[in-house]
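Heads up: the structure comes next, in structure tokens.
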2 protein chains.
Amino acid sequence: MSIASVSRVLNGKAARPDTTDRVRAAAAELGYLPDAAARSLKLGSGRQVTLAVDDIGNPVYSELMQGVVDGLSGSGARLSIASTGQEPSELSALVRNLSRGLADGLVISPLRRSSELLRSLVDSPIPVVVVGNLADAVPLDSVRIDSAGAVRLAYRHLQSMGAARIAFVGGPPDTAPGSARLTAFRQLAQHDDGRVLVTGSFTVRSGERAWNKLAALSKAERPDAVLAANDLLALGILRGALSAGVAVPEQLAVAGIDDITFARVFSPALTSVSLRSRERGRLAAELLQHRMSEPSAPPQMRTVTPRLVVRESTCRS
Amino acid sequence: MSIASVSRVLNGKAARPDTTDRVRAAAAELGYLPDAAARSLKLGSGRQVTLAVDDIGNPVYSELMQGVVDGLSGSGARLSIASTGQEPSELSALVRNLSRGLADGLVISPLRRSSELLRSLVDSPIPVVVVGNLADAVPLDSVRIDSAGAVRLAYRHLQSMGAARIAFVGGPPDTAPGSARLTAFRQLAQHDDGRVLVTGSFTVRSGERAWNKLAALSKAERPDAVLAANDLLALGILRGALSAGVAVPEQLAVAGIDDITFARVFSPALTSVSLRSRERGRLAAELLQHRMSEPSAPPQMRTVTPRLVVRESTCRS
DNA sequence: TTGTAGGCGTTATCAG
DNA sequence: CTGATAACGCCTACAA
């Protein structure tokens, strides 16, 4: 029995039936498995896709991941996800060390788009798709959202529900979504007396702290609606308000952005603007596969339209 | 400049200073990166750990992952996580295809422990640590929990808060935690008239459906407390009860198991039994590293003690 | 201290 | 249709 025959049979190439059988039998007998490292070395690719995010603890990224799985399904590619989880912006280091053999394609959704990171991405030895709004000059495939549109959707909705003083609770302004959403709100509210609060992280904890600041305001200053830059912040506000005995939405309407799975579970259920994380993941996977099969095609772009999901936190039915 | 010198410098072996400098300069210039596949082939290991779970969408597994990251940090190992996400019990297939070169160690937390899966695990060509309660005869490292203790903690607590009729909402009985927690409850409640409901999945949706069944009960039969087999089910119950205008905890007390991050965010905050997912992840990573350095040591076991976290859903302060 | 050469397990080419 | 053989890129004796 020769090495070459084994390789052929296991890769589904033509072979005489009895040879095929003998090989299969022997492989089963010995528990033989092809060595993925060697195959990857020889072929120059191991059908391995990596998803890199800052914090897989955030439900948004779990959903993004589900989408990537959807988009990859049937292609035979394996997905491995890398999350720094601890230090933000360790992503740069992660990307730099992503040599061939570890991954053959990368989907990345970076909170902070430092120029260092972008350079690593452009120079990457493997195909890259970015989930986020890049500058047009960056020659990279990307899946984008209309941040300004998302904020506007929520803002107009709050107004239409009768809110007179809408406060904005933003995330860290040094992050891409943090700054985009903040800018969008300022744009909209420049003629209203909208109050703006900025927090240190996109977390429930930060949302609760933001609530405390809001609650300390004088009666006249206090908002009757809050637009939060993401759902975790919104949930923190909601939690704070409810604990303080403030009725939602009667005394305070609250809306978030992202429409995470838990948004509908909360009580009152959270009104939110869906950014279709799952679909974005799917699109990213498709772009990546296209890029892997056609490495020198011009950069592509997909844009996803935000959608308002009205629930109890802004509108008691 | 010779290949060997490059290899030596890049791996931190001794070399003359000026050689070192020249190599580094050239590497930076050319953007050279060692090919991980080739290195892995030669060395027989790529410092790559895989975490396999049924559904990374479940917050429990996100926390487990954080723990594995904690336990791995400083070891230089990379973590990649594999989630079937779609078909339950595709884990078997995943494990069977996990040849050398893809991963050098595996942490797995299977919902269903089919004998097929266990066989794959025992025969695996790479070290394996199981997060879950294996039969003692299975020669595998494992991180365990005291399921019966966890259920008892919640049950006794509900009793001590004055609950007279405690209903149990269980998960799928064909899963390991589903069956263990159900058995534990039956054991405890055999002399009480505790009602038992079994659901098809450990999800919020299933919890809501279970609430509908509970709500359809006659006044006399209706429970005054619910013990749910996990927090997602508990949240579903909570959501259902609140929507129906039932006061929690005054008319219905609700307790869950897992103590997911969102448990404290919910309003009323959910009483739950912590199974310390993050610590279990950390322990699993430690066991795995030990196993990788000492492949033929006898199987080890760690057990984590559950802890009751009392919050508003059982006890209005 | 540096260079040369062999082989890790696989696939692809080329004779038989 | 099958068997021998040459790379893939790396690390590591061993020789210089």
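Nothing here was measured: the structure is a model prediction, and the numbers come from that model. Just so you know, these numbers use all the heavy atoms, side chains as well, and skip hydrogens, waters and symmetry mates. Letters go in sequence order (proteins before strands), and every chain restarts at 1.
- Using a 4.0 Å cut-off between charged nitrogen and carboxylate oxygen, A:R302 and A:E279 do not count as a salt-bridge pair.
- Comment: A:D104 does not engage A:R47 in a salt bridge, judged by the lack of any side-chain N to carboxylate O separation of less than 4.0 angstrom.
- Comment: A:R144 engages A:D136 in a salt bridge, judged by a side-chain N to carboxylate O separation of less than 4.0 angstrom.
- Under a 4.0 Å N-O distance rule, the pair B:D70/B:R282 does not qualify as a salt bridge.
- Put simply, CG on A:L51 and OH on A:Y61 are 9.5 Å apart, with the number rounded to the nearest 0.5 Å.
- The pair A:R24-A:D18 does not meet the salt-bridge criterion, since no charged nitrogen lies less than 4.0 angstrom from a carboxylate oxygen.
- Within 6.0 Å of CD1 in A:I3 there are 12 or fewer heavy atoms belonging to other residues, nucleotides or ligands.
- A side-chain donor-acceptor contact under 3.5 Å links B:S277 and B:R280.
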How does DNA chain C look in dot-bracket notation if pairs are Watson-Crick or G-U with both distances under 3.5 Å, crossing ones as [ ], other-strand ones as |?
||||||||||||||||

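- For the pair B:A15 and B:R100, both in contact range of DNA chain C, the more 5′-proximal nearest nucleotide belongs to B:A15.
- With B:E63 as the fixed residue, the side-chain contact (heavy atoms from CB on, under 4.5 Å) test singles out one of B:L275, B:N58, B:T261: B:T261.
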Could you walk me through whether A:M65 and A:V53 pass the side chain to side chain contact (heavy atoms under 4.5 Å, CB included) check?
CA-CA 10 Å; A:M65 192 194 89; A:V53 296; over 6 Å; no

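- Rounded to whole Å, atom C1' of C:dT2 lies 11 Å from atom CZ of B:R22.
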Which nucleotides of nucleotides 10-16 of chain C have their base under 4.0 Å from a protein heavy atom (B), which only their sugar-phosphate (S), and which neither (-), written as one string 5' to 3'?
BBB----

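- The footprint of chain A on DNA chain D, defined by a heavy-atom cutoff below 4.0 Å, extends from D:dC1 to D:dG9.
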